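Here is the structure we will look at.
Within every chain, numbering begins at 1; the chains are lettered A, B, ... in the order of the sequence lines, protein sequences first and strands thereafter. Remember, predicted model here, so these are calculated numbers, not experimental data.
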Amino acid sequence: MHIPDGFIPPNICLAGYALTGGVTWYSLRQINRDHYIQANIPKASLLTAAFFVASLIHIPIPPTSVHLILNGLMGTVLGYYAFPAILIGLFFQAVMFQHGGMSTLGVNALILGAPSIAAYHLFRQRDRLRGEKQLLTSILSFASGAGSLLLSAVMFAILLVTNISPDMDINAERTAIFISLGGYSIQAIVEGVFTVMLISFLEKVKPELLKS
Amino acid sequence: MNKRYFFLTLLVLIAVPKKVLAHGANIEYRETSAITIQAKYDDDTPMAHAQVVIYAPSDRTTPWLKGTTDESGNFTFVPDAEPNNVGDWDVKVRQSGHGDITTIPVTGSKLAQNVTDTQLSATGAGYTSMQKAVMAVSSIWGFVGTALFFSRSKSYK
């Protein structure tokens, strides 16, 4: 779900960078207000490593292959730390493996990072809602993991569909993008289940990690 | 009578080759050099039926050729030998938002001699898997090292 160089026009790339700059600034300000920076940075750093490696592990879902993105998981566990973490992870992927591109880094960071912040706010509802705690945690972590991936996929698809270069066969490309959305919804379920597993594991082993 | 048969035979003999000529096809051949690209995802699965758009050096904005890759991600085209088309040919391959642009340099003399086989992968940069593994491991160590640095015990301060 990384847009490579040259697939979207330069003005959108610039807008992506501008928005990413704004969101990064806001996230850093939120982080600066955090009382547990010392404890949270190692968490963010380790999850950045996981995010970076996850893109190298491919799961074949025809017609393309997908890889775990884990942006929902990052948002759920890291909160606002997720956005800079995703930005750094994307930068490493773009530079080392040409996965995504430098000109589209801003746009890609928004596509993956914004839903992760949404996932964080969704998961935080756990403290407000009443109900059986364990069930609520499972439902919310699944919704965060799967929902943020779906949100990313939809943003990705909208951006691509509205920016298909006129040189391409627009209908064929549009169909291909819509088919790939089907693949992403399977991936969303996989990521949701993964998030539930990890969150319930952390809840048992180190519940203080999930306190925001 | 004999004379008549003779002319008839003669006529047939003359007519037949003309008839064959009318049905004949003429095949000429000349040697050109084609460029074959192969588009793969970075996990080595071919990009089958992906769209290919090729831009000639003389005009970079309008496509020179459009097509789709075959089952195994291959696409072959013959760059024309016009003098203003010597230079960098851009080849764009795209499928459902995945794809890449590669530049194939074509020089006048090389065009006649070499068959350029450029491997174009959707995301990879032509690193071997060993190189990729070392890069991944060293980056991970960077992240883990950062984590260790910030979680160091206070007694060491």
Review point. Side chain, backbone, both or neither: which part of B:V144 has a non-hydrogen atom closer than 4.5 Å to chain A?
Key: both
Practice item. Under 4.5 Å heavy-atom distance to chain B, tell me which part of A:L47 shows up: side chain, backbone, both or neither. Key: neither
**Study point:** B:V91 backbone acceptor or donor facing B:T102 side chain under 3.5 Å
**Key:** no
Review point. Any side-chain heavy atom of A:F97 sitting closer than 4.5 Å to one from A:F52?
Key: yes
Check your understanding: Under 3.5 Å, is there a donor-acceptor pair linking the side chains of A:D34 and A:Y80?
Key -> no
Study note, to complete from the structure: Counting heavy-atom pairs under 4.5 angstrom with chain B, the leader among A:I37, A:D5, A:N40, A:L46 is A:L46
Exercise for review: Would you indicate whether the side-chain heavy atoms of A:Y26 and A:F83 approach each other to under 4.5 Å?
Suggested key: no
Review point. Which one, B:A48, B:S151, B:S139, leads in non-hydrogen pairs under 4.5 Å with chain A?
Key: B:S139
Revision key, fill the gap. Most heavy-atom pairs under 4.5 Å with chain B, out of A:A39, A:G89, A:A49, belong to A:A49
Check your understanding: Between B:T69 and B:N74, do the side chains contain an N or O donor and an N or O acceptor separated by less than 3.5 Å?
Key -> no
Exercise for review: Find the one option among B:K66, B:Q51, B:M135, B:H49 whose heavy-atom pairs under 4.5 Å with chain A are most numerous.
Suggested key: B:Q51
